[in-house]
Amino acid sequence: NAGVTQTPKFQVLKTGQSMTLQCAQDMNHNSMYWYRQDPGMGLRLIYYSASEGTTDKGEVPNGYNVSRLNKREFSLRLESAAPSQTSVYFCASSGAGGLTDTQYFGPGTRLTVL
Amino acid sequence: GDSVTQMEGPVTLSEEAFLTINCTYTATGYPSLFWYVQYPGEGLQLLLKATKADDKGSNKGFEATYRKETTSFHLEKGSVQVSDSAVYFCALDGSGNTGKLIFGQGTTLQVKP
């Protein structure tokens, strides 16, 4: 099993450009998450999907959209990138989104917006 | 709202030293508590967890006890190794069955031979 995979690993954008970060998991998990990691701030939840067909906002959703394409895939879209969105983005998945479920993280995408 | 506070890093220790990384939290209700570890260039992975007061999570020689009276979940290890060098994140899930984790800011540990 590959676990959680993310593409691309690195990306540089200019302000105003758009892009989609891809995430896929092969663990048959119901729940998937997108986080951003900024220096000194830990990880903050952008959006999550508790199950196929549902999505909901996390702590910092502004400037982002998501699509739960199917059970395996959960994409994050930046419609008009801004320098404040320079960050490392992590996708994660878990079995049922419950109190004791472990979240499994992908390797991350390092995004720079100039 | 819910929050997690960790001790500032970096923490630099010699091999075989005792490790403590402090974590305190603010939450309504009874959150589950987690420690995640991030090795250089990788994503996070779960180190240990505890779901109710007085539970002790343990893994790979690391331990943490859920202390409701002091709202703390401090990470300890009796003898660290160079391979333990990483960033450690304390987190809580107080949201009730959604898995929406709240993370602390992370503590960098560097272990020198």
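Just so it is clear: chains get the letters A, B, ... in the order the sequence lines come, proteins before strands, and each one is counted from 1.
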Of all residues at least two apart in sequence or in a different chain, which pass the side-chain hydrogen bond (donor to acceptor under 3.5 Å, both in side chains) check with A/Tyr35?
A/Gln103

Measure distances from [X] to the heavy atoms of chain B and classify the residue's part below 4.5 Å as side chain, backbone, both or neither.
{"X": "A/Tyr104", "answer": "neither"}
{"X": "A/Leu45", "answer": "side chain"}
{"X": "A/Gln6", "answer": "neither"}

For the residue pair B/Gln38 and A/Phe90, what are the closest heavy atoms and their distance?
NE2-CZ, 3.3 Å

Contacts with chain A made by residues 102-113 of chain B (heavy-atom distance under 4.5 Å), listed by residue number
B/Phe103, B/Gly104, B/Gln105

Inter-chain contacts: residues 74-82 of chain B against chain A, heavy atoms under 4.5 Å:
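From residues 74-82 of chain B, none sit under 4.5 Å of chain A.
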
Within residues 53-89 of chain A, the residues sitting under 4.5 Å from chain B by heavy atom, in sequence order, are A/Lys57

Drop me the distance from B/Lys100's NZ to A/Tyr33's OH, to the nearest 0.5 angstrom.
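OH of A/Tyr33 is found 10.5 Å from NZ of B/Lys100.
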
Roughly how far, to the nearest 0.5 Å, is OG of A/Ser94 from CG of B/Leu46?
11.5 Å

Does any heavy atom of chain A fall under 4.5 Å from the side chain of B/Glu8, the backbone, both, or neither of them?
neither

Around atom CD of B/Glu16, are there more than 12 heavy atoms from other residues, nucleotides or ligands closer than 6.0 Å?
no

Is it true that atom CZ of A/Arg110 has more than 12 heavy atoms of other residues, nucleotides or ligands lying nearer than 6.0 Å?
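Count not over threshold, so no.
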
When hydrophobic residues are tied together by side-chain contacts of less than 4.5 Å, even through go-betweens, does [X] share a cluster with [Y]?
{"X": "A/Leu21", "Y": "A/Tyr48", "value": "no"}
{"X": "B/Val4", "Y": "B/Val37", "value": "yes"}
{"X": "A/Leu13", "Y": "A/Trp34", "value": "yes"}
{"X": "A/Met41", "Y": "A/Ile46", "value": "no"}
{"X": "B/Phe34", "Y": "A/Met32", "value": "no"}

